Q: 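Starting off with a structure, shown below.
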There are 2 protein chains.
Amino acid sequence: MRPETREKILRAIAELNFTPERAAQRLRAKASHVVAVILPDIANPFFSLLARGVESLAAERGYCTLICDSDNSCEKELQNLNLLSTEGLDGAVLVPVSSPDRARLQRLAQEGLKIVIADRRVQGYPEIGAANAEGSYELTSYLLMLGYRRVGYLAGPTGVSTAEDRLAGFEESMTVHGVTPLAIVRGDFTYESGRRLSLKMLREKEPDAIIAANDLMAIGALRAGESRGLLAPGDIGVAGFDHVPWTQLIVPELTSVRIPSFEIGQEAMALLAKQLGGASDVAGKVFATELVRGATTRRVRGGKTGTSGTRGHRQGGLGRSHA
Amino acid sequence: MRPETREKILRAIAELNFTPERAAQRLRAKASHVVAVILPDIANPFFSLLARGVESLAAERGYCTLICDSDNSCEKELQNLNLLSTEGLDGAVLVPVSSPDRARLQRLAQEGLKIVIADRRVQGYPEIGAANAEGSYELTSYLLMLGYRRVGYLAGPTGVSTAEDRLAGFEESMTVHGVTPLAIVRGDFTYESGRRLSLKMLREKEPDAIIAANDLMAIGALRAGESRGLLAPGDIGVAGFDHVPWTQLIVPELTSVRIPSFEIGQEAMALLAKQLGGASDVAGKVFATELVRGATTRRVRGGKTGTSGTRGHRQGGLGRSHA
DNA sequence: TTGTATGCGTTATCAC
DNA sequence: GTGATAACGCATACAA
């Protein structure tokens, strides 16, 4: 169009302070440019970081993000999924509470809704998550290398892929190194379950190390040990998974496998945007994990220090906080 | 209408699996039934709890909640506010980063958008928050009662009402008890600022107690003390504000003033719903705080134990977490 | 009780 | 380059 015409239009827009009405645009376009991220618990730092990852990329791509909390309930998760069609959203990044309702997902897909699953694996959907098994293998091998032998494992809930993968990685490393697991018990990813199960294990099995499927349970193990006079890393080694910024406030610093939740969120949203753009060659992505050698496990023989092993002037990571 | 007619309609709805299209409804109703909660940082447990409070009540009232993260940036906050009119939302619960753009808020109000401010006080808006000054007064008095005298204070940023109120409560209690503050310095609510300022204070002033304007800074003080060989509660008393569930993982258990963030979120949403319903007699609400007597301050003389002072079997509060 | 017409604000299309 | 018109799906108001 002619620049002069263009100018005239822009001037008119400014004069009448015209704002296009989204509702009308949606009505015609049959697209809302709003996506949701549905997750088990927004109050969990791991997930809120993931949500921020989704949101950051969504904003970049011109999408608005709706954060939906399933409150760890499959029923609420279903309600949230229903919101998708009800509210006329374009799609969603879903972190399922456990195994999601496959039939419901199919029906939503038939309605034209794009859904990307993040962090946890679900059959038939591209995987966007971390290399949990590999990270777990590395962690376990590290503890064995440090000399721990009577190793107990606090697993996560059955059926949750992250929990299963981490357990598998643990078992494989133990097998490869010819060590038999002292005990394997199932928790539910809460601090309380970690503490309770650890107390029992400490009483009955006398482990010299406990690996937990997430940091919260690992902290439970740490405190359980302390309450029985067992201090890490000397009396007992403790390690977990996640390494969100907040766990850095724990003393002693936890040995842990970092799962890049922010990046997982970003990647999931990137994939969703691609699908919304009409792409169908959806490929997942599995992020590498990072072993953080903390102070809840012994130092390597010979006194070498791990990369992140020194406490002290840790810059950043905790961001500005509240009041 | 006749029950028989009604039946016919419902059957038709079921047969054609008819779903009303929100976009069209909005277009006519000029209301989206979607509200936003805009907050400084969703990755901060204090705010994510608040967001859950908002969301829980919103769902109850038939509203959909959009969680917007300002990333502690006034600019992003403004963008989020603009989203309100852009996306055609009905209103928002706003937790401002610092002093919000009053003019912008006014303009949004003129557009018919209802905005409720939560946690932090802004002139001209009903206050929905906690009794920060009173809680701070109580906390300070408690420390003085325990015998601490050389008390330093880590304040929050200037201009943030919660920070100012807590500082005022501290100063008043000190004055009333005839004790002069050892030092008052300003931090920015981060762990790092708490640690850095505490190190300086410990070196220069030799305090026997440090009160911080939030838990994160208090934890910084705790760690700063430890790094100089000063252990709480004997060598130095430490206390803060917030007491979100996650701080319970810190050892030793922090003495802290609990701010009911979930309830604040709920109340803010309740007010918003009222306003959206056409009410104009908007009255705020100020929640009482709760003094949590932890292990980072001395026990009361005579060996009595505070209500929450015993560690150990703390049930709940941490909810299920992740993987 | 039922049917029909109209408008909400955009955008796409077509004739000018 | 411009202007008019239809259609998106729903809610309402009015007529039959």
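Below, chain A is the first sequence line, B the second, and so on; all start at residue 1. All values reported here derive from a predicted model rather than from experimental measurement. What's counted below: heavy atoms across the whole structure, side chains too, no hydrogens, waters or symmetry copies.
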Q: So what does the secondary structure string of DNA chain D come out as, 5' to 3', with Watson-Crick or wobble pairs under 3.5 angstrom, [ ] for crossing and | for pairs with another strand?
A: ||||||||||||||.|
Q: Could you note down all residue pairs passing side-chain hydrogen bond (donor to acceptor under 3.5 Å, both in side chains) where residues 123-132 of chain A supplies at least one of them, sequence neighbours left out?
A: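 Listed once each, the pairs are A:R121-A:E127, A:N132-A:R166.
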Q: Return the set of residues passing side-chain contact (heavy atoms from CB on, under 4.5 Å) with B:A133 (not counting sequence neighbours), or none when no residue passes.
A: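 B:D165.
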Q: By nearest nucleotide on DNA chain C, pick out whichever of A:T19 and B:T5 is the more 5' one.
A: B:T5
Q: Report the distance from atom CZ of A:R22 to atom C1' of D:dC8, rounded to the nearest whole Å.
A: 17 Å
Q: With a 4.0 Å limit, can you tell me whether A:K8 has a side-chain N or O closer than that to the phosphate oxygens OP1/OP2 of D:dG1?
A: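 No, A:K8 has no side-chain N/O under 4.0 Å of OP1/OP2 on D:dG1.
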Q: Taking CG from B:L27 and C1' from D:dA7, how many angstroms apart are they, rounded to a whole number?
A: 12 Å
Q: Can you tell me if the side-chain N/O atoms of A:K30 get under 4.0 Å from OP1 or OP2 in D:dG9?
A: yes
Q: Using side-chain contact (heavy atoms from CB on, under 4.5 Å) as the criterion, list what pairs up with A:Q25, not counting sequence neighbours.
A: A:P20, A:R22
Q: Measure CD1/A:I9 against C1'/D:dG3 and give the value in whole Å, please.
A: 13 Å
Q: Taking atom P of D:dG9 as reference, at what distance in whole Å does atom CD1 of B:I13 sit?
A: 17 Å
Q: A side-chain contact here means heavy atoms from C-beta on lying under 4.5 Å apart; do B:I128 and B:D119 qualify?
A: no
Q: Considering residues, nucleotides and ligands other than B:E111, do more than 12 of their heavy atoms fall under 6.0 Å from its CD?
A: yes
Q: Can you tell me whether the side chain of A:R28 and the base of C:dA12 have a donor-acceptor pair closer than 3.5 Å?
A: no
Q: Rounded to whole Å, please give me the gap between CZ in A:R6 and P in D:dT2.
A: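 Nearest whole value for this atom pair: 13 Å.
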Q: Check this one for me: any side-chain N or O of A:Q25 less than 4.0 Å away from OP1 or OP2 of C:dT11?
A: yes
Q: Counting only side-chain N and O atoms of B:R26, is one of them less than 4.0 Å from OP1 or OP2 of C:dC8?
A: no
Q: Show every side-chain hydrogen bond (donor to acceptor under 3.5 Å, both in side chains) that has at least one partner inside residues 55-66 of chain A, sequence neighbours left out.
A: A:S56-A:Q266
Q: Only counting residues at least two apart or in another chain, list the ones meeting side-chain contact (heavy atoms from CB on, under 4.5 Å) with B:A31.
A: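 Listed in chain order: B:D90.
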